[in-house]
Amino acid sequence: MQGKPVESYPRLAPEVERGAVRRITMVGEEILRRRCREVTAFGTVELARLIDDMFATNQVAEGAGLAANQVDVDMQLFVWDITDEWGVRHVGHIANPVLEEVSADHRRLMEEPEGCLSVPGPYRVVPRLDRAVVRGHDKDGNPLVIEGRGYFARCLQHETDHLHGRLYLDRLAQRERKAALREMQDSRDKVFARRAAAAKRLGK
């Protein structure tokens, strides 16, 4: 939780229980294409409520992580609830994240399928570093350092990209990007129906 080991954690994060489900923005919407504003007001009810809502939205969408601009909020903030390939669950949020630079002799790329809640349906192989360290702050303004490897590292990089106005589609060749968008058109109704059913099960 927030980068620190805990003995146990509920299957549904408390934020999910408290939060409301928001509409997820779609590729093509302008807010996904610009750098988000920094969080400056920490410790507020509004920020806590937004984080709760993002966790709830991520849960019903079966996501690994979710950035604020994916719920139409112009703010440098993302949440995650993800189990990595070693069976370790990671749960948390971070504001104003900055990815640490990785030296060339420590850079190792992994090529794995990647998707996005704002591009419902398609997955494509995207190269990402196998280790990521993100520095930022929690909702109360306390400093955070989050380190991830493997799938969790991919999530940290993917969500930080969102806050700079970038989608995983931007890392694909043009032909592959067009094919993914066509696949999205064919699959998004099924994805939306699955999300609606999940929200109903949670009483959201």
Side-chain angles (χ1 to χ4, degrees), residues 1-19 21 24 51-68 70-71 77-95 97-103 105-139 142-163 167-168 171 187 190-191 194-195 197-204:
M1 176 65 181
Q2 295 295 93
K4 295 182 179 180
V6 294
E7 289 187 4
S8 64
Y9 200 73
R11 185 183 69 82
L12 279 183
E15 293 90 343
V16 174
E17 302 281 4
R18 296 190 299 261
V21 176
I24 296 177
I51 290 169
D52 288 349
D53 291 355
M54 289 171 66
F55 267 99
T57 304
N58 187 58
Q59 176 69 35
V60 302
E62 301 174 322
L66 186 72
Q70 291 183 277
V71 291
L77 171 73
F78 68 81
V79 304
W80 63 89
D81 189 340
I82 177 176
T83 300
D84 65 25
E85 51 265 64
W86 297 281
V88 178
R89 185 180 177 195
H90 305 269
V91 183
H93 69 272
I94 191 167
V98 177
L99 278 170
E100 282 191 357
E101 290 290 331
V102 179
S103 61
D105 54 333
H106 288 91
R107 292 171 67 92
R108 189 172 80 85
L109 289 177
M110 56 177 183
E111 297 193 3
E112 300 287 346
E114 187 168 322
C116 179
L117 300 183
S118 293
V119 189
Y123 282 75
R124 291 295 184 275
V125 172
V126 178
R128 295 278 191 186
L129 294 174
D130 73 340
R131 176 180 176 273
V133 177
V134 179
R135 296 181 181 272
H137 296 83
D138 70 11
K139 62 184 175 62
N142 300 309
L144 276 179
V145 180
I146 305 295
E147 179 176 355
R149 294 183 180 275
Y151 186 34
F152 186 37
R154 177 175 295 275
C155 174
L156 296 175
Q157 294 168 83
H158 177 109
E159 301 306 332
T160 303
D161 266 1
H162 268 302
L163 304 182
L167 299 173
Y168 86 94
R171 296 179 177 272
S187 62
K190 291 181 180 179
V191 173
R194 192 164 66 242
R195 292 176 184 176
K200 186 176 181 179
R201 286 195 299 272
L202 287 174
K204 301 291 183 180

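A pairwise comparison of heavy atoms in Val134 and Pro97 identifies CG1-CB, 3.3 Å as the closest pair. When all heavy atoms are compared, the tightest approach of Gly92 to Gln2 is CA-OE1, 2.7 Å. For Gln70 against Cys116, the heavy-atom pair with the smallest separation is NE2-SG, 3.8 Å. When all heavy atoms of Arg128 and His158 are compared, the closest pair comes out as NH2-CA, 3.6 Å. Here the shortest heavy-atom pairing between Arg131 and Val102 reads O-CG2, 4.3 Å. Annotation for Leu156 and Ala132: closest pair CD1-O, 4.1 Å, computed over non-hydrogen atoms.
Side-chain atoms of Lys204 come within 3.5 Å of backbone N or O of Glu17 as a donor-acceptor pair. Looking at Gln157, its side chain does come within 3.5 Å of a backbone N or O of Ala153 through a donor-acceptor pair.
Considering Leu66, Asn58, Leu163 in turn, Leu163 is the only one that fulfils the side chain to side chain contact (heavy atoms under 4.5 Å, CB included) rule with Phe78. For the pairing with Glu114, the side chain to side chain contact (heavy atoms under 4.5 Å, CB included) check across Tyr123, Tyr168, Tyr151 returns one residue only, Tyr168.
The CG atom of Asp130 sits 10.5 Å away from atom CZ of Arg107, with the distance rounded to the nearest 0.5 Å. A distance of 9.5 Å separates CG in Leu117 from OG1 in Thr57, rounded to the nearest 0.5 Å. Note: Ile94 CD1 to Thr160 OG1 = 7.5 Å, rounded to the nearest 0.5 Å. Ile146 contributes atom CD1, which lies 9.0 Å from atom NE2 of His93 (distance to the nearest 0.5 angstrom).
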| message | The test is side chain to side chain contact (heavy atoms under 4.5 Å, CB included); show your working for His137 and Asn142 and say whether it passes. | response | CA-CA 5 Å; His137 296 83; Asn142 300 309; over 6 Å; no
| task | Start with the C-alpha gap between Leu129 and Leu109, add the side-chain angles, then the distance that decides, and say whether side chain to side chain contact (heavy atoms under 4.5 Å, CB included) holds. | result | CA-CA 4 Å; Leu129 294 174; Leu109 289 177; 3.8 Å; yes
| request: Starting from the C-alpha separation in whole Å, work towards a yes-or-no answer on salt bridge (charged side-chain N to carboxylate O under 4.0 Å, His left out) for Arg154 and Glu112. | output: CA-CA 9 Å; Arg154 177 175 295 275; Glu112 300 287 346; over 6 Å; no
| message | What verdict does the side chain to side chain contact (heavy atoms under 4.5 Å, CB included) test give for Ile24 and Arg195, after you've listed the backbone C-alpha separation in whole Å, the side-chain angles of each residue and the deciding distance to 0.1 Å? | response | CA-CA 11 Å; Ile24 296 177; Arg195 292 176 184 176; 3.7 Å; yes
| How far apart are the C-alpha atoms of Arg89 and Asp81, what are their side-chain angles, what is the distance that settles it, and do they pass the side chain to side chain contact (heavy atoms under 4.5 Å, CB included) test? | CA-CA 7 Å; Arg89 185 180 177 195; Asp81 189 340; 2.8 Å; yes
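Using cut-offs of 30° and 60° for the angle between ring planes, the His90 and Phe152 rings count as parallel.
Using a 4.5 Å heavy-atom cutoff, the side chains of Asp84 and Arg149 are not in contact. At a threshold of 4.5 Å between non-hydrogen side-chain atoms, the residues Leu202 and Leu12 count as touching.
Remark: Tyr9 OH is packed, more than 12 non-hydrogen atoms of other residues, nucleotides or ligands lying under 6.0 Å away. Within a 6.0 Å radius of CD in Glu85, more than 12 heavy atoms belonging to other residues, nucleotides or ligands are found.
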